[in-house]
Amino acid sequence: MIPKHHRRRCCLTLLTFLLVVAMSPSVHAQRKPVDESMLCVGNHWTEEEGAAFLRQMKQTYTNRAAWEKRANAIRRQILKGTGLDKAPKKKPLNAVFGEVRQFDGYTVQNAAFESLPGVFVTGSLYKPTGASSGLPGILSPHGHWGQPGDVGRYRADAQKRFASMARMGAMVWAYDAVGYAEMEEIGWEHKHPDALKQQLWNSVRGVDFLLELGADPERIAVTGASGGGTQSFLLAAVDDRVSVSVPVVMVSAHFFGGCVCESGMQIHKAKNFQTNNVEIAGVAAPRPMLLVSVGGDWTKNNPEVEYPHLKHIYTLMGNPNSVENIHIPEDQHGYDEKKRQAVYPFLAKHLGLDLSKAMHADGSLNESAVTLEDQRDLYVFGGKIPFPANGIKHNDGVLWK
């Protein structure tokens with residue numbers, strides 16, 4: 001089963017969420033009141049209800065044109081529900097870079113960019129040693145791991161993943177979720193009504209960032225686990241520059257994500273409209289996608305429920321072999337060894353990476369060359385790089401224009 005601290009780590013009840021909105025004058029003045037009836041949070045449906053919804057919807061799209069019409073409606077609702085249908089004008093990223101640190105077969109460089117004026121997205125760039133332009137780019141959002149010493153992109157399994165993908169030949173952008181780690185210390189909140197909107201926009205601008213650094217526009221991927229899996233399939237749904245997506249332990253017919261950054265805005269439901277995360281993931285079709293699922297969380301039914309439905313969608317789109325599912329029935333929630341063993345070959349196949357840099361010939365992981373760094377060594381600001389004078393330190397200071 002999923003550890004209790006994972007289940008409750010950032011999930012707000014609808015009542016608490018509504019109270020947050022109502023009690024914050026600055027927030028309340030800038031957005032419409034939340035309609036509780038239009039939010040689908042956590043285990044919004046039973047497993048049976050989720051499966052029944054997919055069976056019903058499958059009958060409504062039996063050819064490519066029908067699915068494309070449905071996919072467009074899903075994409076529109078994500079954008080409308082987050083307010084990104086009226087997206088702000090993209091401004092210069094004004095990236096800030098730290099010193100390059102050299103390791104065995106890869107480099108790490110802390111960096112930040114402005115997704116909006118004054119909104120600095122913090123993270124680290126991992127590249128293969130001797131990197132040139134035209135590398136595949138991989139965005140790596142993280143999930144809701146927030147225990148001291150086991151936070152977000154700083155976790156041991158996360159650092160191993162970023163470094164291994166760089167050693168394989170990719171440029172990897174590992175970035176903080178809103179209100180996590182460095183962004184939290186700056187002053188940002190994660191449990192904020194605009195978290196979903198801000199994180200999705202930060203990811204879209206993350207694609208811009210990789211492309212500005214010279215990544216191959218035909219080879220852009222995104223992968224993350226748990227809440228990072230949500231960010232992965234949402235980004236792939238709204239930004240078709242993402243050519244490969246790997247949502248890990250997240251795609252479920254009945255579970256909608258329990259945090260405001262996943263389900264706190266009206267992306268799943270509207271008047272005369274309903275979708276779930278399986279259909280949202282399907283919007284990426286026919287671009288390659290790997291679902292990684294386990295027996296110990298809400299993805300336990302992927303082989304029988306979610307994956308066959310996505311296979312149907314990919315078949316309609318003429319590319320049935322571009323969606324895969326690796327199910328690990330004995331495993332629990334996370335992005336640990338067995339998940340990485342599943343993901344590395346898929347990314348190598350679709351991005352043209354050197355799998356031998358991350359796995360041995362027998363399929364075991366080859367991550368011994370990876371150096372784990374302390375959390376603060378992966379921070380951008382402080383020390384030689386002060387936080388910019390124009391930097392925004394809280395969600396409520398964002399101007400969406």
Side-chain angles (χ1 to χ4, degrees), residues 2 6-21 31-58 60-61 70-85 143-144 190-200 226-238 247 249-284 291 293 297-302 305-306 309-310 313 333:
I2 305 167
H6 280 182
R7 296 200 298 266
R8 64 171 181 260
R9 55 192 176 257
C10 80
C11 301
L12 296 176
T13 64
L14 285 171
L15 176 61
T16 304
F17 175 69
L18 292 170
L19 286 173
V20 168
V21 176
R31 64 178 58 82
K32 297 179 181 178
V34 176
D35 183 350
E36 180 180 343
S37 68
M38 292 295 173
L39 295 182
C40 303
V41 180
N43 288 302
H44 180 70
W45 288 334
T46 65
E47 294 176 27
E48 292 75 18
E49 288 171 334
F53 174 79
L54 292 183
R55 288 195 298 271
Q56 176 186 357
M57 296 310 301
K58 184 177 180 181
T60 68
Y61 34 84
R70 175 65 174 169
N72 287 334
I74 294 167
R75 186 182 299 109
R76 283 196 303 270
Q77 186 58 40
I78 296 171
L79 295 174
K80 182 178 180 180
T82 57
L84 291 176
D85 55 333
H144 296 101
H190 188 69
K191 299 177 182 180
H192 186 279
D194 277 344
L196 196 166
K197 177 181 184 179
Q198 187 70 64
Q199 288 191 174
L200 184 54
S226 192
T230 301
Q231 297 306 313
S232 295
F233 61 67
L234 286 175
L235 177 63
V238 303
V249 295
M250 195 61 218
V251 176
S252 169
H254 68 279
F255 185 74
F256 288 73
C259 183
V260 292
C261 75
E262 302 171 288
S263 54
M265 301 185 106
Q266 197 176 322
I267 64 172
H268 297 103
K269 187 176 181 180
K271 185 178 180 180
N272 301 318
F273 178 85
Q274 176 74 64
T275 190
N276 66 0
N277 287 342
V278 183
E279 286 197 313
I280 291 176
V283 175
L291 302 183
S293 55
D297 68 13
W298 46 78
T299 63
K300 63 182 181 180
N301 299 323
N302 270 195
V305 177
E306 291 86 354
H309 191 83
L310 287 169
I313 292 170
H333 199 67

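All values below come from the heavy atoms of this structure, side chains included, with hydrogens, waters and symmetry mates left out. Here the structure is a predicted model, which means the values were calculated and not measured.
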So, taking the atom named [atom1] in [X] and the one named [atom2] in [Y], what distance separates them when rounded to the nearest 0.5 Å?
{"X": "H254", "Y": "N301", "atom1": "NE2", "atom2": "CG", "result": "7.0 Å"}
{"X": "L54", "Y": "E49", "atom1": "CG", "atom2": "CD", "result": "12.5 Å"}
{"X": "L39", "Y": "I267", "atom1": "CG", "atom2": "CD1", "result": "9.5 Å"}
{"X": "I313", "Y": "K58", "atom1": "CD1", "atom2": "NZ", "result": "10.0 Å"}
{"X": "C261", "Y": "Q231", "atom1": "SG", "atom2": "CD", "result": "5.5 Å"}
{"X": "R70", "Y": "R75", "atom1": "CZ", "atom2": "CZ", "result": "12.5 Å"}

Between [X] and [Y], which heavy-atom pair has the shortest distance, and what is it?
{"X": "A281", "Y": "V251", "value": "CB-CG2, 4.2 Å"}
{"X": "A284", "Y": "A236", "value": "CB-CB, 4.1 Å"}
{"X": "K269", "Y": "Q77", "value": "O-NE2, 4.0 Å"}
{"X": "F233", "Y": "N277", "value": "CZ-CG, 3.5 Å"}
{"X": "G258", "Y": "V41", "value": "O-CG1, 4.1 Å"}

Item checked: Residue list, ring pair (Phe, Tyr, Trp, His ring centres under 6.0 Å) with F256, at least two apart or on another chain ->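 With sequence neighbours excluded, F256 shows a ring pair (Phe, Tyr, Trp, His ring centres under 6.0 Å) to H44, W45, H268, given in chain and number order.
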
Next item on the list: Check step by step if side-chain contact (heavy atoms from CB on, under 4.5 Å) holds for F273 and R76.
Entry: CA-CA 11 Å; F273 178 85; R76 283 196 303 270; over 6 Å; no

Notebook entry, point to check: Who passes side-chain contact (heavy atoms from CB on, under 4.5 Å) against A237, sequence neighbours left out?
Noted result: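 side-chain contact (heavy atoms from CB on, under 4.5 Å) list for A237, sorted by chain: I78, I280, V283.
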
Notebook entry, point to check: Is a side-chain N or O of S252 found less than 3.5 angstrom from the main chain of W298, in a donor-acceptor match?
Noted result: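 A pair under 3.5 Å: yes.
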
Notebook entry, point to check: Is S263 reaching over with its side chain to a backbone N or O of G257, donor-acceptor style, under 3.5 angstrom?
Noted result: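 Indeed, once roles are kept as given, a pair shorter than 3.5 Å links the two residues.
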
Note to self: I'd like to know if the side chain of H333 pairs up with that of S226 as donor and acceptor (distance under 3.5 Å, no hydrogens or angles considered).
What the structure shows: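 Yes, a side-chain donor-acceptor pair sits under 3.5 Å.
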
Next item on the list: Start with the C-alpha distance between L291 and M250, add both sets of side-chain angles, then the distance that settles side-chain contact (heavy atoms from CB on, under 4.5 Å), and finish with yes or no.
Entry: CA-CA 8 Å; L291 302 183; M250 195 61 218; over 6 Å; no

Note to self: Set out, in order, the CA-CA distance, both residues' side-chain angles and the distance that settles side-chain contact (heavy atoms from CB on, under 4.5 Å) for H144 and E262, then state yes or no.
What the structure shows: CA-CA 11 Å; H144 296 101; E262 302 171 288; 3.7 Å; yes

Item checked: Worked verdict on H192 versus Q198 for side-chain contact (heavy atoms from CB on, under 4.5 Å) -> CA-CA 10 Å; H192 186 279; Q198 187 70 64; over 6 Å; no

Next item on the list: Go through E306 and N302 one step at a time and tell me if the side-chain hydrogen bond (donor to acceptor under 3.5 Å, both in side chains) criterion holds.
Entry: CA-CA 5 Å; E306 291 86 354; N302 270 195; 3.1 Å; yes

Item checked: Listed partners of E47 passing salt bridge (charged side-chain N to carboxylate O under 4.0 Å, His left out), at least two apart ->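 Residues passing salt bridge (charged side-chain N to carboxylate O under 4.0 Å, His left out) with E47: K300.
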
